[in-house]
Structure formats: structure tokens, C-alpha cells
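Since the model is a prediction, treat every value here as computed from it, not as a measurement.
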Amino acid sequence: MGLTRLNGVDLVSHHVNDARFGDRTGASGGVLIVSRTELLDLLRTDPGLPDVRFHIVRPGESVRINGILDVIQPRSKGRGSPQVTFPGIGTAPDPVRSGRTHALQGITVLPVGRLPEGGETFVQEDCLVDMAGPGARYSPFSRGVQLVVEFGRASDRRVREPVAVRRLAAIRVARFLAQRASETGSKDVEEFVSRDPRHDQREAVRVAYVCSVISEGPLHDTLLYGESTERLRPRWISVPELVDGALVSSDFHFSCQRTPTVLYQRNPVVEAIRKKSGLVLEGVILTLRYGSHSEKHKAATRIVEMLRERGVQAVVTHPAVGGNAHIDALDIVRECEKARIPTALVLQEMAGDDGADPGLVDSVPEADLMVSSGNRDQLVDLPGVARTLGPDRLRDGRPTKGPLRLSLRSYLCSTNQVGAHTLTAIDA
């Protein structure tokens, strides 16, 4: 167990090397014991919840998971704490910026199932993770133990209720697992200082992370303290708020570019900046993918004002998703560079299956420091697997069990733009 102080939040990490089902949920010696009975009792009070089944899958097993709704790291504030993780999801939306947070490292909760389309513009796409074979290299979630929470098909054709019910159930499971693990204790405790001493080093570069999110309806949304971000304007959010789950994903569009909840909890950009010698993370700015050119420009200029107010010297940013969101990101780059704030941009390409298309929908000369997270249209050939979880057929009718030829769009976080992707560049 490691103890990390994050500007007011003690993040207590309980490391999980394996998991198995048993009579009582808890952790011992790096093994998480999960009681199916206790989890079912926990969820029995949720109205409208369809049949639920639980599975444990491990790296290297010939398992293909489909219909993934989110990925959540188990976190809890601990017994007796007046605060909660994932505030606003089944709880009051009270801000959490202090206290002790227990987290399970090495295991995540994967809710899976098929949601009704309900006439929404953005419908759920195929969303896959292979735990073994060549497909495992395309998603970061093939590398850890997964507790799969498999929901039966919803009979209700409406969208909002099935989405909310499954979200609440998955987060209740995540809270419960972390709570039980926190009660087992551990002798291995590593303490870190409460304030990053690099703030006192004048030579350290003050960096801000501009995190773009999406809000275009209940199937293509991001929740802040349980509410849609549809009216979000650029604002600061603290790292402790991210750590405790203030941001929750409600996005079911292209799988490759999603940012599931775990990547807000353990944001790779935030962690990379905090660990990099000579850099200090000044803060995180949330912004939206806006609908008009004037809104995009207003957001970009406001972000620059916010950066100047805090004396930020460099920025890392990315689009919320693809397509139109590239314009928002490039507007931010242009305005930051005009203000002489060097800006690094991470973004996926949409270059066609042969890589011959331009890849970007917009460009500006100021964007001279870009990192590609891969071409979402790249085709991959996948062998069949021994077992599948979730929907047993893709939306085009092909059996999930394979073999399959698919674009990376169907693989969860294969070209994710917050740094969790697994692709690497090669010398052609």
C-alpha cells in the first residue's frame, strides 16, 4: 500500500495482483476476494436494474469483452468519512478536496451491456477489449485484472434511465470494493509530502493541462459532480477533485477516442507532468467542444486569460473527441502560442484505412508540437477467442468471438488522446 499526498487528498493505494470469488469481499496478500452474493445484495435496491452477472478476467486469458460502458477504478473515502467518491452519482454533489481516499491499483470495474438507442444522434458503438493475443496490444485495459459487471438487455427504449441505472450500479460496486479493501489494512505504507517542493524551485516550468470534455446528449456526455457539462465554460478543476471522481464519463460513441472515468481518476497527462523533473503542474482547466466558431474562439481566449493570471509557462492539451473538436483544440494552440505560451497538442488522426487521407480536419501554423495517438481508421486482423463477455454479436451482425477484421475505432482507448494509448511509432 502506498500513501501519496495530492494537495489535500491522501491517496492510499491497495495493490491487487489477482482476484477471485469468495464468501466475503476483502483483500489479503495482494488478492482481492469478491463476493457475488454481497454485490447482488448491494444492487438489489436499485430500481430498474436488469439481470447482473459478475466475471473476473485476467491478462493473458483468451477473452474478448464487448459492449463496455465505462472503466472505473475502485475508490472510497473510507468508513466513517462524511465525504464520498464520485460525488453526485447517487449522492449529494458535495465537492471533495481533502481527506483520505482508498484506491485499488491493478483492477478496474468494467460495466458491459447493450443500451437502447432511443433515437439519439450518438448511439453506442462496438466497444472491445481483448485480454490476450494481438488484439490485447490495442487497449490499455488488457493489462490489468478486470471485474466485469455484465448487465442484461434493457427493455425500456428510453435512454436516460438505463444509462443512469447502470452507471450508479457500477460506481456502487467500485465504492464497495475499495471500502472493503481499505478495512484489511497493510504494513507497507509509503508516505509522500503534502506539497510538491518543486513549487519552490524558481527554475521549474509551470505547466497547465487543458482538458477538453464532450457534452452532446446522454450518450455522448461528461458529468461533473453528477451533472451534464453541457453549459460548461472554461474553469479550473483541482487534481484532488479528479482523484475523487468529480468527472465521470457518459460517452458511448467511438470507442477508440473515449475517455472513460478511470482516465479522469488517473489522468495520464496529470501524472506525467507531476512526475517529470523540472515541471510543476499549476492546474487543470476544463473546457468543452463548442458548437460555433465564435464560441470556440471565446473559449480559447478565456483560457489564455486564465493561464496568464497564474503565470503558466507551458500547456498540454488535446481535443475532446474527433472531427469538429480538432478545431477547438487548434484554436487553443493558436491563442496560447500567440500569447507566447508553448503548447503541446495530443490528437488522433482520421486518415482512412490506408493512411492516405489528411488525418486532421483543421490545421494552424502555430501547431508545431503535436503528438499523434494513432489513426483510428487503421484496420487490424484479430483471431478468434475462447470466450466472450457482453454482447455476443457486433452491430453489423458478426459474432464477437471472431475472427474479425476491424478498424481501431472499435477498440477501447486504442487512439485515446489523454495519453493512455498503447500504439507506438515505427521507422517506416
Side-chain angles (χ1 to χ4, degrees), residues 7 195-214 229 232-239 241-242 247 259 264 267-349 358-373 416-419 421 425:
N7 302 326
R195 183 173 179 268
D196 190 340
R198 295 175 299 174
H199 278 286
D200 300 326
Q201 299 177 7
R202 293 184 179 180
E203 65 273 18
V205 177
R206 301 173 71 162
V207 182
Y209 167 39
V210 179
C211 177
S212 296
V213 299
I214 191 70
T229 53
L232 178 74
R233 290 296 177 261
R235 55 156 289 182
W236 292 101
I237 186 171
S238 71
V239 172
E241 288 176 278
L242 294 177
L247 274 180
T259 303
Y264 295 122
N267 184 275
V269 175
V270 169
E271 294 192 351
I273 295 172
R274 293 185 71 250
K275 293 176 182 177
K276 181 68 173 177
S277 176
L279 302 182
V280 168
L281 179 61
E282 183 61 32
V284 180
I285 294 177
L286 290 185
T287 187
L288 198 61
R289 199 288 286 161
Y290 297 100
S292 70
H293 283 289
S294 63
E295 288 179 306
K296 296 175 192 295
H297 182 67
K298 287 178 183 177
T301 54
R302 175 56 186 147
I303 287 168
V304 169
E305 291 173 359
M306 297 166 69
L307 297 172
R308 281 174 164 166
E309 288 168 358
R310 293 206 182 182
V312 170
Q313 298 168 288
V315 167
V316 179
T317 191
H318 56 75
V321 284
N324 192 358
H326 283 183
I327 300 173
D328 295 75
L330 288 161
D331 273 357
I332 293 169
V333 172
R334 182 180 56 241
E335 295 304 315
C336 286
E337 292 281 348
K338 284 168 57 178
R340 298 189 177 182
I341 305 174
T343 303
L345 174 64
V346 184
L347 77 173
Q348 67 176 359
E349 300 175 52
L360 307 179
V361 300
D362 191 15
S363 64
V364 297
E366 293 85 357
D368 56 3
L369 181 54
M370 295 192 293
V371 179
S372 172
S373 62
N416 181 271
Q417 297 168 120
V418 300
H421 52 275

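- Considering every non-hydrogen atom in both Gln313 and Ala204, the closest pair reads OE1-O, 3.6 Å.
- Screening Leu286, Ile237, Val270, Ile285 against Tyr209 for a side-chain contact (heavy atoms from CB on, under 4.5 Å) leaves a single residue, Val270.
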Between Ser372 and Glu349, is a side-chain hydrogen bond (donor to acceptor under 3.5 Å, both in side chains) present by the stated rule, with each step listed? CA-CA 7 Å; Ser372 172; Glu349 300 175 52; 2.6 Å; yes

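- The CZ atom of Arg235 lies 12.0 Å from the OG1 atom of Thr287; values are rounded to the nearest 0.5 Å.
- Rounding to the nearest 0.5 angstrom, the gap separating the OG1 atom in Thr343 from the NZ atom in Lys338 is 12.5 Å.
- With respect to the salt-bridge test (charged N to carboxylate O, under 4.0 angstrom), the residues Asp328 and Lys296 qualify.
- Here the side chain of Glu271 pairs no donor or acceptor atom with the backbone of Pro268 at under 3.5 angstrom.
- Under the ring pair (Phe, Tyr, Trp, His ring centres under 6.0 Å) criterion, no residue pair touches residues 283-313, with sequence neighbours excluded.
- Within the 4.5 Å cutoff, the side chain of Val371 has no heavy atoms near those of the Leu345 side chain.
- Here the shortest heavy-atom pairing between Glu282 and Arg310 reads O-NH1, 3.5 Å.
- Nearest heavy atom pair, residue Leu242 against residue Tyr264, reads CB-O, 3.5 Å.
- Residues Met370 and Leu347 come closest through the heavy atom pair SD-CD2, 4.1 Å.
- Of all non-hydrogen atoms in Ile214 and Thr229, the two that sit nearest each other are O-OG1, 3.7 Å.
- Applying the ring pair (Phe, Tyr, Trp, His ring centres under 6.0 Å) rule to pairs touching residues 325-348 yields nothing, sequence neighbours excluded.
- In this structure, Val284 and Trp236 have side chains that are not in contact, with every pair of non-hydrogen atoms separated by 4.5 Å or more.
- Judged by distance alone, with hydrogens and angles left aside, the side-chain atoms of Ser212 form no donor-acceptor pair with the main-chain N or O of Leu288 at under 3.5 Å.
- A donor-acceptor pair under 3.5 Å links the side-chain atoms of Thr317 to the main chain of Val210, judged by distance alone.
- The pair Glu305-Arg302 meets the salt-bridge criterion, since a charged nitrogen lies less than 4.0 angstrom from a carboxylate oxygen.
- Contact annotation: the side chain of Leu307 approaches that of Cys336 to within less than 4.5 Å [non-hydrogen atoms, C-beta and beyond].
- Between Thr259 and Asn416 the shortest side-chain heavy-atom distance falls below 4.5 Å.
- Of the possible donor and acceptor atoms, one in the side chain of Glu241 sits under 3.5 Å from a partner among the backbone N and O of Ser238.
- Each of Thr301, Ile303, Leu330 was evaluated against Glu335; a single residue qualifies, Thr301, per the side-chain contact (heavy atoms from CB on, under 4.5 Å) test.
- The structure places CD of Glu366 at 10.0 Å from CG of Asp331, a figure rounded to the nearest 0.5 Å.
- Pairing each heavy atom of Ala320 with each of Ala325, the nearest pair is N-CB, 4.0 Å.
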Val346 vs Val418, side-chain contact (heavy atoms from CB on, under 4.5 Å): CA-CA, chis, key distance, verdict: CA-CA 7 Å; Val346 184; Val418 300; over 6 Å; no

